[in-house]
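Only one structure is covered here, and it is reproduced in the block below.
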Amino acid sequence: MPRTGWKVPYGADQTIYLVVDRQGRQGAVYCEIEIERTDTETIVADLLAGQFHDPVRVTAYNTLEHWSRDISRDIAVEIQTRCDIEGTVVPGYVEDFVHSHTGPVSHQPWARQNSGAVMTRSN
């Protein structure tokens, strides 16, 4: 497997984001976001704009503090929230990503979200 040149900034207290994007039959391919654009807003915007073929995971790395974290759920929730606010459906190219990290949406006609509380019918 060919290795890409990972560039880790020396001495920079900076979080770097890595988007794992599935590219057809080749399996998982790691797509690095440019260091100048290392913020979750850019990741969400790029995902919503269709910049990735089939995103699987988003991982955040901080080289100075020596930590990494899978932030896929946070990103998926943000995408779902933005689509809900805009009254649009999640675009097909990120639908699997959002659903796999946020869980299935309730399709029960008697359950609806209202001000953070779930309203259910009583018997």
Side-chain angles (χ1 to χ4, degrees):
M1 177 175 180
R3 295 184 60 98
T4 60
W6 285 52
K7 295 177 180 143
V8 177
Y10 178 75
D13 186 10
Q14 176 172 5
T15 303
I16 300 168
Y17 298 92
L18 185 71
V19 178
V20 178
D21 194 22
R22 187 176 297 133
Q23 298 284 329
R25 295 179 190 207
Q26 299 170 354
V29 175
Y30 296 89
C31 296
E32 186 176 351
I33 301 301
E34 294 175 19
I35 292 174
E36 298 86 42
R37 300 168 48 203
T38 57
D39 58 85
T40 56
E41 175 61 35
T42 302
I43 300 295
V44 170
D46 285 350
L47 287 167
L48 282 170
Q51 296 295 317
F52 297 96
H53 178 264
D54 185 12
V56 178
R57 176 180 305 126
V58 180
T59 306
Y61 297 91
N62 187 293
T63 56
L64 186 63
E65 297 176 10
H66 305 288
W67 59 259
S68 65
R69 185 168 77 95
D70 184 345
I71 61 165
S72 301
R73 182 170 177 12
D74 299 337
I75 298 295
V77 166
E78 180 62 25
I79 291 170
Q80 182 68 63
T81 300
R82 289 184 188 195
C83 290
D84 290 347
I85 289 170
E86 294 173 7
T88 60
V89 297
V90 174
Y93 42 84
V94 290
E95 184 177 27
D96 287 343
F97 173 79
V98 170
H99 289 214
S100 69
H101 293 287
T102 60
V105 177
S106 175
H107 294 291
Q108 298 167 336
W110 47 269
R112 63 184 173 96
Q113 191 90 16
N114 187 6
S115 303
V118 175
M119 305 297 288
T120 59
R121 73 175 171 185
S122 58
N123 292 335

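Just so we're clear, the structure is a prediction, and the values are computed from it rather than from any experiment. We count residues from 1, following the sequence as given. These values consider heavy atoms only, across backbone and side chains, with no hydrogens, waters or symmetry-generated copies.
Summarising the geometry of Ser72 relative to Val56, their closest heavy-atom pair is OG-O, 4.5 Å, with the distance given to 0.1 Å. Between Pro55 and Val19, the shortest heavy-atom contact is CB-CG1, 4.4 Å. Ile43 and Tyr17 get closest at one heavy-atom pair: CD1-CB, 3.8 Å.
Applying the side chain to side chain donor-acceptor pair (under 3.5 Å) criterion to Arg73, with sequence neighbours excluded, gives no partner residue. With sequence neighbours left out, Glu86 forms a side chain to side chain donor-acceptor pair (under 3.5 Å) with no residue at all. Taking the side chain to side chain contact (heavy atoms under 4.5 Å, CB included) definition, one finds that Asp74 meets it with Arg69, Ile71, sequence neighbours left out. Asp70 is linked by a salt bridge (Lys or Arg N to Asp or Glu O under 4.0 Å) to Arg57, counting only residues two or more places apart in sequence or in another chain. Shown here are the side chain to side chain contact (heavy atoms under 4.5 Å, CB included) partners of Thr81, two or more places apart in sequence or in another chain: Val77, Ile85.
Considering CD1 of Ile75 and OG1 of Thr102, their distance stands at 13.0 Å, rounded to 0.5 Å.
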Side-chain donor-acceptor distances from residues 87-96 under 3.5 Å, at least two apart:
residue : atom : partner : partner atom : Å
Tyr93   : OH   : Leu48   : O            : 2.6

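Judged purely by atom type and a 3.5 angstrom limit, Asp21 uses its side chain to pair as donor or acceptor with the backbone of Asp54. The closest donor-acceptor contact from the side chain of Asn62 to the backbone of Trp67 lies at 3.5 Å or more, if one exists at all.
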